[in-house]
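Notes follow once the structure below has been shown.
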Amino acid sequence: MCEANVYLREKDADEYRLLMESVDKVIPAGDEIILESIFGQRKIVKAYIKEMTLVDHKIMLDHI
């Protein structure tokens with residue numbers, strides 16, 4: 001399996017919270033990122049990719 005969990009940094013904090021599990025598609029669209037999971041869920045967030053650790057199946061996002 002190659003899907004990842006996506007975490008979003010809390011505004012004005014150093015902590016990340018789980019935003020979405022089992023994401024298999026990350027689509028950049030201007031200042032937004034579209035996330036799609038293997039279960040057909042879809043989320044759009046105003047953020048940028050801070051870090052991707054694919055061995056650990058983690059994608060870290062920060063607010064714009």
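As the structure is a prediction and not an experimental result, all values here were calculated from the model.
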Contact check, side chains of [X] and [Y], non-hydrogen atoms, under 4.5 Å:
X	Y	answer
Val6	Tyr16	no
Ile49	Met60	no
Glu3	His57	no
Arg42	Leu35	no
Ile59	Met52	yes
Tyr7	Lys58	yes
His63	Tyr48	no

* List the steps and the verdict of side-chain contact (heavy atoms from CB on, under 4.5 Å) for Ile27 and Ile33. => CA-CA 6 Å; Ile27 306 163; Ile33 295 180; over 6 Å; no
Trace of the side-chain contact (heavy atoms from CB on, under 4.5 Å) decision for Asp31 with Lys46
CA-CA 6 Å; Asp31 64 349; Lys46 285 195 177 243; 3.2 Å; yes
Quick check against the 3.5 Å criterion: does Ser37 have a side-chain atom that pairs as donor or acceptor with the backbone of Phe39?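 Indeed, once roles are kept as given, a pair shorter than 3.5 Å links the two residues.
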Find the distance between [atom1] ([X]) and [atom2] ([Y]) and round it off to the nearest 0.5 Å.
X	Y	atom1	atom2	answer
Glu32	Ile64	CD	CD1	8.0 Å
Asp62	Glu10	CG	CD	11.0 Å
Ile34	Ile44	CD1	CD1	5.0 Å
Lys25	Ile38	NZ	CD1	13.5 Å

Margin query: Please evaluate residues Met20 and Asn5 with respect to the criterion side-chain contact (heavy atoms from CB on, under 4.5 Å), reporting the C-alpha separation (whole Å), side-chain torsions for both, the decisive distance (0.1 Å), and the verdict.
Written below: CA-CA 6 Å; Met20 192 172 190; Asn5 291 333; over 6 Å; no
* Asked: So, are Glu15 and Arg9 salt-bridged, with charged N and O less than 4.0 Å apart?
  ->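 No, Glu15 and Arg9 are not salt-bridged.
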Discussion item. Set out, in order, the CA-CA distance, both residues' side-chain angles and the distance that settles side-chain contact (heavy atoms from CB on, under 4.5 Å) for Leu19 and Lys43, then state yes or no.
Written reply: CA-CA 9 Å; Leu19 179 65; Lys43 287 189 180 185; 4.3 Å; yes
